[in-house]
Amino acid sequence: MAETLRDFLKRVETLPPDTLLCVAELDEAFAANVAEVEVIENAKAQSTGTDGTEAIELENGNQTVIVIRW
């Protein structure tokens, strides 16, 4: 199931604010630096599964999502 911002904030609440944020595919040994963090307010969830498919349409909806781009 997809993680919510509430879930994420709880997991990182004790980390120092200068902790590096990066992105990686599952089971990868290396990660990429984040290029941009974008808040999109008109997204549409297609699926809440974490199977690697494109699960969120970034328009045509009424849900707010945070997109981390690399």
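In this text the structure is predicted, and so the values were computed from the model without any measurement. Residue numbers run from 1 in the order of the sequence given. When reading the values below, keep in mind they use all heavy atoms of this one structure, side chains included, and skip hydrogens, waters and symmetry mates.
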Using the rule that two of Ile, Leu, Val, Met, Phe, Trp, Tyr join whenever any of their side-chain heavy atoms come within less than 4.5 Å, decide whether [X] and [Y] are in one cluster.
{"X": "Phe30", "Y": "Leu20", "result": "no"}
{"X": "Leu21", "Y": "Leu26", "result": "no"}
{"X": "Leu15", "Y": "Leu9", "result": "yes"}
{"X": "Val37", "Y": "Ile40", "result": "no"}

For the residue pair Cys22 and Ala32, what are the closest heavy atoms and their distance?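 So the two residues come closest at CB-O, 3.2 Å.
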Kindly indicate whether the side chain of Asn42, heavy atoms from C-beta on, has any atom under 4.5 Å from the side chain of Asn60.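 No, too far: nothing below the 4.5 Å cut-off.
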Main chain of Gly49, side chain of Ser47: is a donor-acceptor contact present, judged purely on distance under 3.5 Å?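 Yes, the answer is positive, given that a donor and an acceptor are paired below the 3.5 Å cut-off.
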Determine, step by step, whether Gln46 and Glu57 satisfy the side-chain hydrogen bond (donor to acceptor under 3.5 Å, both in side chains) criterion, reporting the C-alpha distance in whole Å, the side-chain angles of both residues, the deciding distance to 0.1 Å, and the verdict. CA-CA 7 Å; Gln46 306 291 332; Glu57 183 178 350; 3.2 Å; yes
Name the atoms and distances for all side-chain donor-acceptor pairs under 3.5 Å in residues 63-70, with sequence neighbours left out.
from	atom 1	to	atom 2	distance (Å)
Gln63	OE1	Ala45	N	2.8
Arg69	NE	Glu38	OE1	2.8
Arg69	NH2	Glu38	OE1	3.1

Using the rule given for side-chain contact (heavy atoms from CB on, under 4.5 Å), can you reason through Thr19 versus Val12, listing the C-alpha separation, both sets of side-chain angles and the distance that settles it, and then say yes or no? CA-CA 9 Å; Thr19 299; Val12 301; over 6 Å; no
Got a sec: does the CD of Glu36 have more than 12 other heavy atoms crowding it under 6.0 Å?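 Enclosed.
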Mind jotting down which residue pairs meet the salt bridge (Lys or Arg N to Asp or Glu O under 4.0 Å) criterion with at least one end in residues 6-35? Sequence neighbours excluded, please.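 Only Glu3-Arg11 qualify under salt bridge (Lys or Arg N to Asp or Glu O under 4.0 Å).
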